[in-house]
Amino acid sequence: MDYVNLGRSGLKVSRLCLGTMNFGPLADETNSFEIMDKALDVGINFFDTANVYGWELGDGITEKIIGRWLSQGGGRREQVVLATKVYGRMGQGANKRRLSAYHIRQACEESLQRLKTDHIDLYQMHHIDRETSWEEIWQAMEQLVTQGKVLYVGSSNFAGIHIVQAQHTAQDRNFFGLISEQSLYNLNARTIELEVIPACRTYGLGLIPYSPLAGGMLAGALEKSNKARRSSEEIQKASEKHRDQLEAYERFCEDINEKPADIALAWLLQNPVVTAPIIGPRTKEQLNGSLRALEIKFDDEQINSLDQIWPGPGGEAPEAYAW
């Protein structure tokens, strides 16, 4: 496993990030424990979650599963770079969501209890809050950092302008600010190349792409739908909408004898602003399958072929982002 700095920080994280959103709803606690143990075994030290995962209002089901796994000891907490998020609704009260100082403090304390730890390595704002000033947000985050409850701060689902605003306000306060941005990014969803990626490069944020396989569409959707009697309605609709591209993409993968899912991950890993794509395995076998992407390297002709199949928002990938 290779390790890289998360943005401009000195923090080293694995090139793949273990996403835990499936823990609870799709992977039971036993399977979740096995997946986390396997992740450590193969060198994945970067775990991502959120207080809302588990999708039962206020329960923090996924964080609780991770907390029980960490509490087993064996050096688990010391080996993991633990990331969680704040913003989503965690109760019925008026202040049980968003990014007020009130909610940030309360949400952090509750996440620490569920995760059974005394600090969060990367505390991410799950969404921009247009109703709360950056002065208030940074004051709350600074207090958590001073108290040792949070080490680094990141963002998720921010536009480029939000990153600029956040960083300039942080600089005015002599605060380190954001070190990462978590965004939707894959071969079929490249809008962030217009503004978010340039902002990350300018301000030294590591990019953590989520949904790298486009919900499974980039994992051989046509082949799977042809072999299976039925597939999910979402995959069927996406496959029909992008059938011509998917046919070309799966031919490309077949020609170089690689699996479509591995190609999709490897494409992200070739972009120097990308720190670690988030993988969300439901089994140990799925996690193992993701490791092949770390070994795949593309030449210029192959990158151009992928750009032609899946052009970016401005056509082919702009030279400034070329890898």
Side-chain angles (χ1 to χ4, degrees), residues 1-3 13-50 53-55 61-70 72 74-76 79-83 186-188 208-236 238-239 246 249-250 252-254 256-269 274 276-297:
M1 180 64 62
D2 292 329
Y3 300 88
V13 296
S14 50
R15 291 305 317 273
L16 294 176
C17 176
L18 179 65
T20 63
M21 189 169 66
N22 289 327
F23 293 0
L26 297 177
D28 63 23
E29 185 158 320
T30 298
N31 285 337
S32 299
F33 279 26
E34 290 176 350
I35 290 167
M36 288 185 279
D37 284 335
K38 183 63 178 179
L40 282 188
D41 286 344
V42 300
I44 296 175
N45 74 339
F46 194 13
F47 289 18
D48 176 75
T49 190
Y53 289 173
W55 312 115
I61 291 171
T62 302
E63 285 189 332
K64 288 178 179 178
I65 291 174
I66 296 170
R68 288 191 287 269
W69 177 79
L70 290 172
Q72 295 178 104
R76 286 175 170 82
Q79 297 179 66
V80 169
V81 174
L82 184 59
N186 57 56
L187 279 163
N188 184 53
I208 309 169
Y210 67 81
S211 194
L213 305 183
M217 187 182 73
L218 297 173
L222 290 183
E223 180 184 1
K224 291 177 181 177
S225 63
N226 290 336
K227 289 182 179 179
R229 294 180 62 183
R230 58 187 177 184
S231 58
S232 72
E233 184 178 348
E234 292 81 4
I235 292 296
Q236 288 179 349
S239 297
L246 286 171
Y249 176 62
E250 293 186 17
F252 172 88
C253 298
E254 185 177 353
I256 63 174
N257 197 30
E258 297 288 355
K259 295 179 180 179
D262 297 336
I263 293 297
L265 283 173
W267 178 81
L268 289 169
L269 288 164
V274 170
I278 295 176
I279 57 171
R282 287 176 282 178
T283 65
K284 291 189 298 182
E285 290 71 27
Q286 288 180 348
L287 188 152
N288 265 331
S290 301
L291 301 178
R292 170 59 187 157
L294 297 167
E295 302 172 0
I296 298 174
K297 305 298 179 186

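Values reported hereafter were calculated over all heavy atoms of this structure, with side chains retained and with hydrogens, waters and symmetry mates removed.
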Quick one: are Tyr210 and Met21 in side-chain contact, heavy atoms under 4.5 Å?
no
For the residue pair Ile279 and Leu265, establish whether any side-chain heavy-atom pair is separated by less than 4.5 Å.
yes
Any side-chain heavy-atom pair from Ile66 and Val80 closer than 4.5 angstrom?
no
Return yes when atom CD of Glu254 has more than 12 non-hydrogen atoms of other residues, nucleotides or ligands closer than 6.0 Å, and no otherwise.
no
Contact between Ser32 and Thr20 at the side-chain level, heavy atoms closer than 4.5 Å - yes or no?
no
Of Leu287, Ile65, Asp41, Leu70, the one forming a side-chain contact (heavy atoms from CB on, under 4.5 Å) with Met36 is Ile65
Identify the two heavy atoms, one from Phe46 and one from Ala83, that lie closest to each other, and give their separation to 0.1 Å.
CE1-CB, 4.1 Å
Evaluate the criterion side-chain contact (heavy atoms from CB on, under 4.5 Å) for residue pair Phe23 and Ile35; output intermediate values, then yes/no.
CA-CA 10 Å; Phe23 293 0; Ile35 290 167; 4.0 Å; yes
Non-hydrogen side-chain atoms of Asn31 and Arg282 separated by less than 4.5 Å:
no
Please find the pair of heavy atoms, one from Leu269 and one from Pro277, that lie closest to each other, and give the distance.
CD2-CD, 3.5 Å
Does some side-chain heavy atom of Val42 sit less than 4.5 Å from a side-chain heavy atom of Leu16?
no
Crowded around Lys284 NZ? As in, over 12 foreign heavy atoms under 6.0 Å?
no
When rounded to the nearest 0.5 angstrom, what distance separates CD in Glu34 from CG in Asp28?
8.0 Å
Does the pair Ile263 and Tyr249 meet the rule for a side-chain contact (heavy atoms from CB on, under 4.5 Å), with working shown?
CA-CA 10 Å; Ile263 293 297; Tyr249 176 62; 3.6 Å; yes
Please examine the side chains of Arg68 and Glu29, heavy atoms only from C-beta on, and report whether any two atoms are closer than 4.5 Å.
yes
Got Leu213 and Asn186 here, is their nearest side-chain heavy-atom distance under 4.5 Å?
no
Step-by-step side-chain hydrogen bond (donor to acceptor under 3.5 Å, both in side chains) determination, Trp69 to Asp37:
CA-CA 9 Å; Trp69 177 79; Asp37 284 335; 2.9 Å; yes
Treating Asn45 as the side-chain partner and Val81 as the backbone partner, does any N or O pair qualify as donor plus acceptor under 3.5 Å?
no
Determine whether a donor-acceptor pair (N or O, by modelled atom type, separation under 3.5 Å) exists between the side chain of Glu258 and the backbone of Ile296.
no
Between CG of Leu246 and CG of Leu218, what distance do you get to the nearest 0.5 Å?
7.0 Å
Can you see which heavy atom on Ile61 is nearest to which on Gly24, and at what distance?
CG2-CA, 4.3 Å
For the atom pair CG (Leu26) and OG1 (Thr283), what is the distance rounded to the nearest 0.5 Å?
11.5 Å
Test Arg15 against every option in Asp2, Ile44, Leu268 by the side-chain contact (heavy atoms from CB on, under 4.5 Å) rule and name the one that passes.
Asp2
Can you tell me how far CZ of Arg292 sits from CG of Asp262, rounded to the nearest 0.5 angstrom?
7.0 Å
Taking all atoms of both residues into account, what is the closest heavy-atom pair of Pro209 and Ala276, and its distance?
CD-O, 3.5 Å
Might you point out which heavy atoms bring Cys17 and Asp48 nearest each other, and give the distance in Å?
SG-CB, 3.6 Å
So which atom in Pro212 and which in Ala264 form the shortest heavy-atom distance, rounded to 0.1 Å?
O-CB, 3.9 Å
